[in-house]
Amino acid sequence: MNTTPEPLPTRPAATVMLVRDAPGGLKIFLMRRHSKMEFAPGTMVFPGGGVDDRDRNADIAWAGPPPEWWAQRFGIQTDLAEALVCAAARETFEESGVLFAGPADDPDSIVGDASIYADARRALDERTLSFADFLRTENLVLRSDLLRPWANWVAPEAERTRRYDTYFFVAALPEGQRADGENTESDRSGWASPRDAIDDFEAGRNVLLPPTWTQLDSLAGRTVAEVLAVERQISPVQPLLEKRGDNWVFEFFDSDRYHQARQAGGSMEWPL
C-alpha cells in the first residue's frame, strides 16, 4: 500500500536578483527571512513572492518587451508571463523599495527616487492597492526592459509546507535608487558579492537553499553588463528531496557541490 501523500500544488512566484557593480565584481541584494516565517525561516533570499490576483489580468501600463516575449523566454502562457513580470516588479518595490518604472510620457526614462512613493509602497504591502492602479495614479509605466529572465525552479514534490514554481529574474539597481529591505518578512538585508554569500554558507554564517546557492554561483565573478547580456535557455529545474538517515538531502544537477558546502557549514537539518 502506497502511503506517500499527493504532492501539494505549486503556486507561481517571481523573484528578482538585484545587482549593482562594485570593485572586484558585482554585488547582489540579499535578505534574511524572519525566524518565525512559516516557509523557509532564517534563509537568505532575493526580493520576491507569489503571484496573486492583483497581478493577473491587471491591465498594467507597460513599456519594454511585451508579455509574449517573456512567455517565449520562460516557455509559458502569455497571461502567466504578464502576471510574473508584474509580480516581480511589485514584490521588488514592496520588499526593497526599488521600482522598475518610468514616466508614462517619457517611457525611456527611469524613476530616480522611488522613496517619494512610500505611502503607495505600504498600501501595496497591505494589499489595499494594486500595482496597476499605483502606476496609473502616478502616471508611470512598468519598465520590463530593466528585467532579464534567468531561471525557473520548481519546489520538490516532498515539500509539505508549500510549493512554489519560481521564476528568477535579474535586474540592475536603477541609478539614483536605493534598496532598503524595509519589509515585514525579513530581519536583515544588504549587499554582498555572490562569492562572499557562498563563503558565508560554507562557514555556517548563513543558510542558502539550492535555488539561491545556484543563482549566486552563476553570478559569481561577473559584471552587471555581462549578466544583462546573457541570453539563457531556461528549463525548469525540480530537485528531489529525500530523507537519508536523520537528514533531508536535495538532489539536482549540481547537488554534490551544494552538499559539500552545506555540510561544511553545518546546516544539514531540514526543515530549517
Side-chain angles (χ1 to χ4, degrees), residues 11-19 29 46-152 164-177 179 224 227-232 234:
R11 177 185 175 189
T15 190
V16 177
M17 299 184 294
L18 196 59
V19 296
F29 187 72
F46 312 116
V51 170
D52 63 30
D53 291 341
R54 295 174 295 171
D55 306 314
R56 298 182 184 274
N57 304 312
D59 190 25
I60 195 165
W62 191 291
E68 291 80 7
W69 183 91
W70 290 94
Q72 183 180 41
R73 294 305 186 280
F74 277 130
I76 56 178
Q77 296 297 314
T78 302
D79 57 346
L80 176 57
E82 181 177 19
L84 283 166
V85 175
C86 182
R90 174 183 57 75
E91 288 279 353
T92 302
F93 183 45
E94 288 179 18
E95 295 193 347
S96 75
V98 172
L99 181 59
F100 304 120
D105 52 7
D106 185 12
D108 290 332
S109 64
I110 307 169
V111 168
D113 179 9
S115 67
I116 63 174
Y117 304 116
D119 290 344
R121 180 182 172 188
R122 281 190 292 271
L124 285 164
D125 184 54
E126 294 166 357
R127 303 197 173 196
T128 59
L129 177 69
S130 74
F131 197 58
D133 286 343
F134 159 61
L135 295 177
R136 194 174 301 113
T137 299
E138 300 296 342
N139 197 33
L140 298 171
V141 294
L142 186 157
R143 287 286 305 272
S144 76
D145 57 316
L146 301 180
L147 295 156
R148 299 286 189 279
W150 195 258
N152 173 208
Y164 288 105
D165 183 359
T166 303
Y167 294 81
F168 287 79
F169 298 77
V170 66
L173 177 70
E175 186 176 354
Q177 293 196 36
V224 170
V227 167
L228 297 183
V230 170
E231 293 189 13
R232 286 167 68 93
I234 297 173

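Not measured: the values here are computed from a predicted model. Heads up: numbering here begins at 1 and tracks the sequence.
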At their closest point, which heavy atom of [X] faces which heavy atom of [Y], and how far apart are they?
X      : Y      : value
Pro47  : Phe29  : CG-CD2, 3.9 Å
Leu99  : Ala114 : CB-CB, 3.8 Å
Val227 : Val170 : CG1-CG2, 3.6 Å
Val224 : Ala172 : CG1-CB, 3.7 Å
Val111 : Gln177 : O-NE2, 2.8 Å

(message) side-chain contact (heavy atoms from CB on, under 4.5 Å), that's the test. Do Phe93 and Phe134 meet it? Break it down for me.
(response) CA-CA 11 Å; Phe93 183 45; Phe134 159 61; 4.0 Å; yes

(message) Can you tell me if Asp53 has over 12 outside heavy atoms packed within less than 6.0 Å of its CG?
(response)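 Result for CG/Asp53: open.
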
(request) Check side chain to side chain contact (heavy atoms under 4.5 Å, CB included) between Thr15 and all other residues, then give those that pass, not counting sequence neighbours. (result)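 Thr15 satisfies side chain to side chain contact (heavy atoms under 4.5 Å, CB included) with Phe46, Thr166, Phe168 only.
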
With [X], which residues qualify under side-chain hydrogen bond (donor to acceptor under 3.5 Å, both in side chains), at least two apart?
X      : value
Asp125 : none
Arg121 : Asp180
Arg136 : Asp133
Arg11  : none

Who are the salt bridge (charged side-chain N to carboxylate O under 4.0 Å, His left out) partners of [X], not counting sequence neighbours?
X      : value
Asp145 : Arg143
Arg56  : none
Glu94  : Arg54, Arg90

List the atom pairs, donor and acceptor, that lie under 3.5 Å between side-chain atoms in residues 58-70 and the rest of the protein, sequence neighbours left out.
unit_1	atom_1	unit_2	atom_2	d
Trp62	NE1	Pro65	O	2.8
Trp62	NE1	Ser144	OG	3.3
Trp70	NE1	Pro65	O	3.3

Does some side-chain heavy atom of [Y] sit less than 4.5 Å from a side-chain heavy atom of [X]?
X      : Y     : value
Leu173 : Val98 : yes
Glu91  : Val16 : no
Phe169 : Met17 : no

(message) Quick check against the 3.5 Å criterion: does Glu175 have a side-chain atom that pairs as donor or acceptor with the backbone of Gly112?
(response)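 Such a contact is absent between Glu175 side chain and Gly112 backbone.
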
Once you round to the nearest 0.5 Å, how far does [atom1] of [X] lie from [atom2] of [Y]?
X      : Y      : atom1 : atom2 : answer
Leu129 : Phe131 : CG    : CZ    : 9.5 Å
Ile110 : Leu146 : CD1   : CG    : 4.5 Å
Leu147 : Phe100 : CG    : CZ    : 5.0 Å

Do any side-chain atoms of residues 72-88 form donor-acceptor pairs under 3.5 angstrom with protein atoms, and if so which ones, sequence neighbours left out?
none

(message) Once side chain to side chain donor-acceptor pair (under 3.5 Å) is applied, what residue pairs with a partner in residues 108-119 remain, sequence neighbours excluded?
(response)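 For residues 108-119, and leaving out neighbouring residues, the side chain to side chain donor-acceptor pair (under 3.5 Å) pairs sorted by first residue read Asp106-Ser109, Asp113-Ser115, Asp119-Arg122.
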
